[in-house]
Amino acid sequence: MVHLYNLHPFGSQQVVPCKLEPERFCGGGRDALFVAAGCKVEAFAVSGQELCQPRCAFSTLGRVLRLAYSEAGTRNETLQLESDDFVICQKPMELLGEKSEQSGVSVTLESTGLADEKIKYFHVQHLLYRRFAPDISSYVLSDDIKLHSLQLLPIYQTGFFTSDRKNSSQEKELLSLFCFFSLPHVGYLYMVVKSVELMSVYQYPEKSQQAVLTPQFLHVITSNNLQCFTVRCSAAAAREEDPYVDTTLKACPPVSMDVCALRIQLFIGLKAICHFKNHVVLLTKANPEAAPERRESPKRLLSRTGTSVKLKAPPAAEAGWNLYIVNTISPVQLYKEMVDYSNTYKTAKTQGCIHLLSEAHLLVRAALMDAGQLEPGEKAELLEAFKDSCGHLGDCYSRLDSQHSHLALPYYKMSGLSMAEVLARVDWTVEDALQKYERGLIFYINHSLYENLDEELSEELAAKVVHMFHVAEPKQLPHVLCSPSLKNINPLTAVSYLRKLDTSGSSSVLVTLTKAAMALRMGDLDTYRNEMEIHSEMKLVSGFILEPRLLIQQRKGQIVPAELAAHLKDTQPALLVASVLGLQKNNKIGIEEADSFFKVLCGKDEDKIPQLLVDFWEAQLVACLPDVVLQELFFKLTSQYIWRLSTRQPPDTIPLRTSKDLINACGHYGLIYPWVNILLSSDSLADKNYTEDLSKLQSLMCGPSFDIASIVPFLEPLSEDTLSGLSVHVLCRTRLKEYEQCIDTLLERCPEAVIPYANHELKEDNRTLWWKKLLPELCQKIKCGGEKNQLYLSSLKETLSVVAVELELRDFVNVLPEDGTAAFFLPYLLYCSQKKSLT
């Protein structure tokens, strides 16, 4: 279907002062027009609105049969259109892409004037094959199915609508290629780059003689009319160039949209047409009355298969001819006329308004894609028109109840309009009771409020938005009120709408939390507490998951804790931590975002860690979140524990969980080894403020998941001079299986812990260390004497008891010191000799 409008794409026109009747003509370069007649070629300068001026003339060696212009350094490529004789009984056929090779038409590539080494760069590619058959029922003559005006139209990559804008001096990169050909009554436009597909079919109102395709228009001439049709090249190229087209970010009118005729302008005696830049060149010729055409009957046609139907030859040409240059008006000027024309459709609420505005949008888009031909001022003007067209299309899709109403969002985004500017275009004059808000506007506002646009609406506009959702989408009202864009809403107004909602469904907790947030903004703590006590803590967490912005918002790309989050930090920190953990579990917040949230909430610098964030990390371990990398979490916690212990810095708030809580709730926190507790029991100077951090660190190191080697580089600040620091270092070396070094350290610093250590650690493969390491070391310590002698002696007795059980008598005797007192070792020797009989 072709829509017909009465617009004015054509502007001024002038006559080319040719000396001879033109036979061939073409345009080229910046302002050149070439006209050939016989063996002579005339060149004219065409510049804007000024008169066409002769530039030069030259003669050729023979009659000019074909005339074409190419830029310096470009290759000439010839397209040939072959029209086979038709067999009337054959059916119409269309073969696309590689399948077109099955047509049986043979094409041979021949080179003329090319060096042999360059021939390999040329090849034949079959694009499409179409076979047409005459419609006998309507007495169509064979002349009516002859093809004409075959043309390939390339469109090059510009990057104008994407971030990678190309420099005009760079080599052109082909983006899209289009193929057009025409029959007298219908034209076909194909896209032939990645795949071959039919884009548009042009039904002409009368028989055409020639057509020329441009990125913006299809110009067609009949005997008495110049017709201007719209094309879809820019719509197809936009989708090739920008992957974000047809998403919520960007939109473009569809390639399948019906084409339209912008203008049918009277021109008597049209014979030929060409186009370059913004000029249409037309050859007109006044013919005497043609003799009546003889039409054959259907039967006659059928009986003469294999022969062509000929028209009576026209009389000899007379001298009445003219060559015209018709200037097309600027795209912006035509765009403005199309927008004004579209206003006639607005009150009718039809698709006509969208169709014409879409045509206007594609017109501007096509001009921008050919930006290499534009001056900087023209580019700026076109870009402004482009944004304006997006705004108009956004208005259409927002106000019309269409299945494509969602397109209001990307068009408004592309327009550059703020949310307040879009709302200012809404007709608010209808009484509230009668107001009907269409889907497109609701979709745009709802999506924009979710996007954190860093735009705060005035109190008046915020109230209008709330009323809009109260009328059209009441279930979305709690979400809408949580948007930072509605920060200026009067809390009393918000609460009045919230009280009207049906809270019987699953979203009742969300309504409750939104009411509580509004009460907090008003300073009404009693109402706040009443609302928060309606649901259990687990239910409240589910409410925060439904609407994370009750706790966490973003402004200008930065995490901003909501007022409710700040209040929960002081009154219900456990609920706050559980809620943020729930957000992370449900992919509503990332790991780094959550860390930043707690730092900002607690007013800490980037390098300082608040206790509430440590509580959150511990909660992550307890919850065993699948997307959390355990070792990274271990690193965060152990680093913080060690830093506090080494700098004697207490937590800034009371921890939510004790080490016992974590051991009972989380498998990653292990039971602390008994010898560690004995080691610390003698530390009378231990500061009780840090015992929890120490216990948590030791518990992690005793757990099954901890990579002990990763902690070694970070233990240096933790001095071994204190028993707490010593316990961590010995525990680390133990996990690294450095048992002998640990025994030496404990014998020197805490002998009372040696036997508990050995009982716990020297088992199985390490059992030999009882007599190979511990026994000789104890004997040596006793020899040296000192104030710890009694502790060493007691430990030696425990060691001998274990060794006597483990070894045979001969082996036991061999490990005893040679200078030892026999009476001291005798009881153990007797036990060792008698143990077989005892068993």
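Each residue takes its place number in the sequence, starting with 1.
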Identify, with sequence neighbours excluded, every residue that meets ring-ring contact (aromatic ring centres under 6.0 Å, His included) alongside [X].
{"X": "His729", "result": "none"}
{"X": "Phe544", "result": "none"}
{"X": "Tyr641", "result": "none"}
{"X": "Tyr244", "result": "none"}

Next item on the list: Could you pull out the closest heavy-atom pair between Leu746 and Ala753, with the gap in Å?
Entry: CD1-O, 4.3 Å
Notebook entry, point to check: For Pro478, what residues pass the side-chain contact (heavy atoms from CB on, under 4.5 Å) criterion, not counting sequence neighbours?
Noted result: Leu498, Leu501, Leu510, Val511, Thr514
Checklist line | Any residue meeting side-chain contact (heavy atoms from CB on, under 4.5 Å) with Glu459, in chain and number order, not counting sequence neighbours | finding: Asn490
Check: Can you name the residues that form a side-chain hydrogen bond (donor to acceptor under 3.5 Å, both in side chains) with Ser579, not counting sequence neighbours?
Finding: none
Check the orientation of [X] and [Y]. Use parallel for under 30°, tilted for 30 to 60°, and perpendicular for over 60°.
{"X": "His361", "Y": "Tyr411", "result": "perpendicular"}
{"X": "His470", "Y": "Tyr497", "result": "tilted"}
{"X": "His467", "Y": "Tyr437", "result": "perpendicular"}

Next item on the list: Run the salt-bridge test on Glu421 and Arg425 with the 4.0 Å N-O cut-off and return the result as yes or no.
Entry: no
Going by atom type alone, with no hydrogens or angles, which donor-acceptor pairs under 3.5 Å involve a side-chain atom of residues 520-528 and a protein atom two or more places apart or on another chain?
| from | atom 1 | to | atom 2 | distance (Å) |
| --- | --- | --- | --- | --- |
| Arg521 | NH2 | Lys487 | O | 2.8 |
| Arg521 | NH2 | Ile489 | O | 3.1 |
| Asp524 | OD1 | Thr527 | N | 3.2 |
| Asp524 | OD1 | Thr527 | OG1 | 3.2 |
| Asp524 | OD2 | Thr527 | OG1 | 2.5 |
| Asp526 | OD1 | Arg529 | NH2 | 2.8 |

With sequence neighbours left out, what residues match [X] under salt bridge (Lys or Arg N to Asp or Glu O under 4.0 Å)?
{"X": "Asp595", "answer": "Lys636"}
{"X": "Lys588", "answer": "none"}
{"X": "Arg733", "answer": "Glu720"}
{"X": "Arg239", "answer": "Asp246"}

